[in-house]
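Below you'll find the structure, written out as structure tokens, and then a few comments.
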Amino acid sequence: ISICRDLPNIEVITFSVNGISDLEPLHQCQNLSELYLRKNNITSLDELFYLKALPRLRVLWLAENPCCGPDPHRYRMTVLRNLPSLQKLDNQAVTEEELSQALVDGVEITAPPARRSVENGWSESSAPSAAGATTEPQRQLLSCSLEETNKTQEELDVKPVPRDKYSSFSSQETDCSHKKRNNVLNAILLLMKELDAEGLEIIQQTVARRLQAFQKKELQEE
């Protein structure tokens, strides 16, 4: 997610199911208001240190990460103590009572995660997975199913794609290309949030041309 260092004005980020463990690249995204990080590899709530400096963050989805731990109450209270401006955490609205209770039950995070430099530039927190670095992240990146794609669309307030919409493709494509297409779709939906009206018009024109080309090809094949 290092690309986020070059996107200071981004407002919505969806990185669900991506094997992410380090949130440091997000600390400069000062306009970020919604952050979706379900099913990643965030092992420590100390990573919240990088989100505390984001004044506009209102929605955070962090569920199904190792950092959530065995105690849901302690996890939620710690997140809310450090990010009291949140209006929704893990798709559940934040109440004033919770914010007050978080001051008692939550743990204050005052420093970033401790990371010790090791060989090849790996940090201590990522070193255990370094041996599988060429396989595990790829496996996680390619694990995006149609359900995950529709979940991303739901998070971005986009109508999910019906399962039978691309049924004709399913019989022609391999499972790998299926997952790749879903990942590309997720990325496009996210980046569209960054476009202005002119940019969206260009996208619309490009999509129209592509659809015409596909339709022409289908007619020729018939």
Side-chain angles (χ1 to χ4, degrees), residues 1-7 10-27 29 32-48 50-51 54 57-70 72 75-76 78-79 83 86 88-92 113 122-123 125-163 165-166 169-170 173-194:
I1 64 173
S2 58
I3 189 176
C4 292
R5 296 191 181 97
D6 300 321
L7 299 171
I10 195 167
E11 297 179 7
V12 178
I13 293 178
T14 296
F15 279 147
S16 300
V17 199
N18 270 288
I20 293 169
S21 60
D22 177 11
L23 301 185
E24 185 275 333
L26 301 177
H27 81 283
C29 301
L32 188 63
S33 62
E34 299 182 27
L35 178 60
Y36 302 96
L37 295 167
R38 296 178 307 106
K39 292 186 180 180
N40 278 286
N41 193 35
I42 301 170
T43 59
S44 172
L45 287 177
D46 288 344
E47 296 291 339
L48 294 175
Y50 300 115
L51 306 183
L54 305 182
L57 187 62
R58 297 294 180 267
V59 177
L60 175 64
W61 203 328
L62 197 59
E64 299 175 84
N65 275 276
C67 65
C68 297
Y75 151 72
R76 189 172 177 88
T78 296
V79 174
L83 302 174
L86 287 181
K88 185 179 289 188
L89 173 60
D90 296 338
N91 207 31
Q92 182 178 343
W122 287 96
S123 67
S125 61
S126 60
S129 61
T134 59
T135 57
E136 184 63 22
Q138 292 175 0
R139 183 160 63 249
Q140 291 177 335
L141 280 169
L142 292 176
S143 66
C144 183
S145 63
L146 178 61
E147 287 74 14
E148 288 295 343
T149 301
N150 284 342
K151 192 66 175 180
T152 300
Q153 293 171 319
E154 178 184 335
E155 291 171 354
L156 295 174
D157 196 25
V158 176
K159 184 178 181 180
V161 177
R163 178 175 291 276
K165 179 68 174 179
Y166 296 104
F169 289 93
S170 300
E173 297 180 339
T174 64
D175 185 56
C176 181
S177 61
H178 227 4
K179 293 171 182 175
K180 179 180 178 182
R181 187 190 66 214
N182 288 335
N183 283 327
V184 171
L185 180 57
N186 285 340
I188 291 173
L189 290 171
L190 174 61
L191 292 173
M192 283 179 63
K193 289 280 188 176
E194 291 294 292

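- To the nearest 0.5 Å, atom CG of residue Asp6 and atom CD1 of residue Ile10 are 11.0 Å apart.
- The two atoms that bring Ile42 and Leu62 nearest to each other are CD1-CD1, 3.6 Å, heavy atoms only.
- Not a single donor-acceptor pair under 3.5 Å links the side chain of Asp46 to the backbone N or O of Ser44.
- To the nearest 0.5 Å, atoms CD1 (Ile13) and CG (Leu26) are separated by 5.0 Å.
- In this structure, Trp61 CH2 and Leu35 CG are separated by 12.5 Å, a value rounded to the nearest 0.5 Å.
- Under the side-chain hydrogen bond (donor to acceptor under 3.5 Å, both in side chains) criterion, Asp90 pairs with Tyr75, not counting sequence neighbours.
- Note: Cys4 SG to Tyr50 OH = 14.5 Å, rounded to the nearest 0.5 Å.
- The side-chain heavy atoms of Ser16 and Lys39, taken from C-beta on, include no pair separated by under 4.5 Å.
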Before giving the answer on side-chain contact (heavy atoms from CB on, under 4.5 Å), spell out for Tyr36 and Val12 the whole-Å C-alpha distance, their side-chain angles and the decisive distance to 0.1 Å. CA-CA 8 Å; Tyr36 302 96; Val12 178; 4.1 Å; yes
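- Scored by the side-chain contact (heavy atoms from CB on, under 4.5 Å) test, Pro72 finds no partners at all (sequence neighbours excluded).
- Judged by distance alone, the side chain of Ser21 and the main-chain N or O of Asn41 form no donor-acceptor pair under 3.5 Å.
- Ser2 approaches Pro25 most closely through the heavy-atom pair CA-CB, 4.0 Å.
- A donor-acceptor pair under 3.5 Å links the side-chain atoms of Arg76 to the main chain of Leu89, judged by distance alone.
- The backbone N or O of Asn40 lies less than 3.5 Å from a partner atom in the side chain of Asn65, making a donor-acceptor pair.
- Arg5 meets the salt bridge (charged side-chain N to carboxylate O under 4.0 Å, His left out) test with Glu24; sequence neighbours excluded.
- Considering CG of Leu37 and CD of Glu47, their distance stands at 10.5 Å, rounded to 0.5 Å.
- The two residues Cys68 and Ala63 have their closest heavy-atom pair at SG-CA, 3.9 Å.
- Atoms CG and CG, from Leu83 and Leu54 in turn, are 8.0 Å apart once rounded to the nearest 0.5 Å.
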